[in-house]
Amino acid sequence: MTSTPLPVEQAFAQISRNTSDIVTEAGLRQVLELSQKESRPLRVKFGIDPTFTHVHIGHAVPIRLLHIFQQLGHLPVLIIGDGTARLGDPTGRNDQRPPLSKEEVAHNSATYLEQIGKILDLSSDVCEVRYNSEWFAGMDFFDCLRLASRGTAARLLERDDFKKRMSDNLPVHLHEMLYPLMQGWDSVQVESDIEIGGNDQLFNLHMGRLLQEREGQSAQVCLTTPLLLGTDGRKMSKTYGNHVPLLAPANDMFGKVMSLSDEQMSDWFRLLTPLTDSEIQSILEGHPREAKGRLASEVVSWLHDASSAEAAADSFKRQFGEKKLPDEIPECKLESGLALANLLKEAGLVGSTSDARRMIQQGAVKVNGEQASDPNEAIPLGETPTLLQVGKRRFSNAIGV
RNA sequence: GGGGAGAUUCCGGAGUGGCCAAACGGGACGGACUGUAAAUCCGUUGGCUCCGCCUUCGGAGGUUCGAAUCCUCCUCUCCCCA
């Protein structure tokens with residue numbers, strides 16, 4: 001993955017295109033120059049807490065920046081926060097995170113690496129993966145006190161979410177205040193030259209600088225990436241259902257990107273594809289549907305591969321553009337003569353017979369292409385598959401047993 | 001140590017004896033339309049042997065013809081004062 005180093009200014013431009021804050025720009029130029037002069041790869045830290053299992057495409061933005069560094073010949077240092085996860089990052093939250101069990105943390109860590117591996121080359125010669133329990137697990141109470149003595153209450157209370165909670169009379173727990181210090185301590189431990197984080201991480205990133213200086217290291221450069229909004233333009237979040245999971249199958253991922261609202265396209269192009277600004281510009285001047293199709297193809301070929309992207313684009317066009325059947329319809333073997341509502345449930349197309357009845361009532365159900373209206377109709381099944389369809393996206397070929 | 005608030009259907013959050021399978025918002029799903037799984041509009045959103053029946057409102061009991069709503073105990077959350 002290592003390539004010949006780019007001139008500093010070129011690298012700088014490529015990096016800054018994908019960041020929202022750079023602390024400091026001069027510092028960034030300086031480490032890039034130093035790295036080139038000493039031909040030493042920069043240690044670029046990125047920490048994630050394994051607090052949940054599904055990584056989505058919004059999380060991919062900083063990881064993609066990490067990958068850009070990797071391609072420039074630098075060394076990503078991935079910190080799996082199995083220590084900090086036990087505490088939980090209070091950033092942006094107005095309540096405490098529930099503490100996670102050891103088992104949950106271990107499970108989440110494993111799924112994280114799988115997902116991140118889609119974006120970043122995790123081979124040990126081009127990437128360093130560290131678990132921060134490595135240094136936190138062995139600290140005793142006096143070590144904690146020593147760490148705590150590095151920060152001041154006033155400084156920690158500058159944080160927005162702490163400040164807000166204090167003024168709203170919501171609790172701010174002592175251990176939460178230690179979180180930024182822990183993240184900063186990670187930087188000291190891995191001697192990072194640069195740390196990347198989402199743009200809500202700036203405060204925590206700064207702690208790394210502070211602690212590194214106290215320990216006699218040079219302060220890391222902090223880079224934050226812009227926030228990628230969800231498909232509907234709101235903050236990307238699972239509860240809004242507006243995210244794209246990194247592990248989504250190609251067809252699904254393609255469709256999800258196609259459901260992006262038009263206004264989001266330009267950001268998504270910039271933050272998720274390698275296209276240049278002028279290329280993006282000209283794509284956006286064309287038809288929005290074509291542009292979105294291009295975006296979807298780019299994203300799918302990035303996270304899957306080019307041929308899946310092509311296949312996904314084809315089947316999307318066929319299924320939704322021309323309203324034809326998808327190319328693969330799952331089969332199920334069922335008893336012949338069941339009432340339609342029960343048949344749909346057995347085929348797994350609906351969650352319950354009540355649900356089936358509702359769908360039929362709403363005109364969503366087709367049997368062999370014919371709209372069905374009677375939930376009690378007995379459906380004979382034979383060796384020739386009977387095509388069951390619920391809505392535009394649920395299909396099954398039923399065969400009698 | 002003292003005082004107070006609360007646990008509701010996927011989520012948030014109404015409801016404080018019958019009109020409650022439970023408002024409203026979010027999410028999800030369906031239909032129409034289209035430029036697409038955009039946008040917009042309309043509708044659905046506990047289960048079943050479905051014009052009727054069954055099980056839900058933290059857990060266990062109790063009062064009542066009738067309880068998400070009242071009482072008792074339990075579990076768990078949260079706030080304020082000290």
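Chain identifiers are assigned alphabetically (A, B, ...) following the order of the sequence lines, protein sequences preceding nucleic acid strands; residue numbering begins at 1 within each chain.
In this model, no donor atom of one side chain and acceptor atom of the other lie less than 3.5 Å apart for Lys256(A) and Thr231(A). In this structure, a donor-acceptor pair under 3.5 Å is present between the side chains of Glu195(A) and Gln183(A). With 3.5 Å as the limit, one finds a donor-acceptor pair spanning the side chains of Asn18(A) and Arg64(A). For the 3.5 Å distance criterion, the side chains of Ser192(A) and Gln220(A) qualify, holding a donor opposite an acceptor.
Between the CZ atom of Arg318(A) and the P atom of rA37(B) there is a distance of 15 Å, given to the nearest Å. rA39(B) atom P lies 16 Å from atom NE2 of His287(A), rounded to whole Å. We find that CG of Asn242(A) is positioned 13 Å from C1' of rA28(B), with the value rounded to whole Å. Between His243(A) atom NE2 and rA28(B) atom C1' there is a gap of 13 Å when expressed in whole angstrom units. Separating the CZ atom of Arg357(A) from the P atom of rG52(B) is a distance of 14 Å, rounded to the nearest angstrom. Following rounding to the nearest Å, Met359(A) (CE) and rG31(B) (P) show an atom-to-atom distance of 8 Å. Following rounding to the nearest Å, Phe316(A) (CZ) and rG35(B) (C1') show an atom-to-atom distance of 11 Å. Regarding Ile360(A), its CD1 atom lies at a distance of 15 Å from the C1' atom of rG31(B), rounded to whole Å.
Taking the C1' atoms as reference points, rU56(B) lies 15 Å from rU45(B), given to the whole Å. Between rC29(B) and rU8(B), the two P atoms lie 25 Å apart (nearest whole Å). Using P as the reference atom, rU72(B) and rU77(B) are 22 Å apart when rounded to the nearest Å. rG13(B) and rA37(B) are spaced 34 Å apart, taking the P atom of each and rounding to whole Å. Comparing rG2(B) with rU55(B), their P atoms sit 43 Å apart, to the nearest whole Å. Straight-line distance between the P atoms of rU69(B) and rG62(B): roughly 15 Å, to the nearest whole Å. Atom name P, nucleotides rA32(B) and rU49(B): the rounded distance is 28 Å, in whole Å. Only the P atoms considered, rC54(B) is 49 Å distant from rU36(B), to the nearest whole Å.
Look at rA68(B): it lacks any Watson-Crick or wobble partner with both distances under 3.5 angstrom. The nucleotide rA32(B) finds its pairing partner in rU40(B), both defining distances of the Watson-Crick or G-U wobble pair being shorter than 3.5 Å. Both distances falling under 3.5 Å, in either a Watson-Crick or a G-U wobble arrangement, place rG6(B) opposite rC76(B). Pair assignment for rU45(B) gives rG27(B), based on Watson-Crick or G-U wobble hydrogen-bonding distances that are each under 3.5 Å. Pairing of rG17(B), defined by two Watson-Crick or G-U wobble distances under 3.5 Å, is not identified with any nucleotide.
The side chain of Arg234(A) lies closest to rG27(B) when the candidates are rC50(B), rU36(B), rG27(B). Listed candidates were rG31(B), rG35(B), rU36(B). Nearest to the side chain of Ala364(A) is rG31(B).
Side-chain N or O atoms of His304(A) include none that pairs as donor or acceptor with a backbone N or O of Asn251(A) at under 3.5 Å. Without hydrogens or angle criteria, Asp267(A) side chain to Gln264(A) main chain gives no donor-acceptor distance under 3.5 Å.
Under 4.0 angstrom from either OP1 or OP2 of rC48(B) there lies no side-chain N or O belonging to Asn342(A). Neither OP1 nor OP2 of rA39(B) sits under 4.0 Å from any side-chain N or O of Arg289(A). An OP1 or OP2 oxygen of rG30(B) is reached within less than 4.0 angstrom by a side-chain nitrogen or oxygen of Arg394(A). Checking the phosphate oxygens (OP1, OP2) of rA37(B), no side-chain nitrogen or oxygen of Arg393(A) falls inside 4.0 Å. Checking the phosphate oxygens (OP1, OP2) of rG31(B), a side-chain nitrogen or oxygen of Lys392(A) falls inside 4.0 Å.
No salt bridge links Glu213(A) with Arg209(A); every basic N to acidic carboxylate O contact stays at or beyond 4.0 Å. Salt bridge status for Asp262(A) with Lys292(A): present, with a side-chain N to carboxylate O gap under 4.0 Å. Between Asp277(A) and Arg17(A), at least one side-chain nitrogen of the basic residue sits less than 4.0 Å from a carboxylate oxygen of the acidic one, meeting the salt-bridge criterion. With salt bridges taken as basic N to acidic carboxylate O contacts below 4.0 Å, none links Lys317(A) and Asp314(A).
Backbone-only engagement by Arg358(A) is indicated by non-hydrogen atom pairs under 4.0 Å involving sugar-phosphate atoms exclusively.
Nucleotides of RNA chain B nearest to Asp355(A) and Gly363(A) differ in position, and the one nearer the 5' end is that of Gly363(A).
More than 12 heavy atoms of other residues, nucleotides or ligands sit less than 6.0 Å from atom CD of Glu215(A).
Within residues 251-273 of chain A, the residues that have a heavy atom under 4.0 Å from RNA chain B are, in order of number, Asn251(A), Asp252(A), Gly255(A), Met258(A), Ser259(A), Leu260(A), Ser261(A), Asp262(A). Remark: Lys345(A), Ser352(A), Thr353(A) in residues 343-353 of chain A come within less than 4.0 Å of RNA chain B through at least one heavy atom.
Residues Leu381(A) and Ile399(A) form no side-chain contact, since every pair of their non-hydrogen atoms from C-beta on lies 4.5 Å or further apart.
Gln362(A) contributes a side-chain N or O that forms a donor-acceptor pair with the base of rG43(B) under 3.5 Å.
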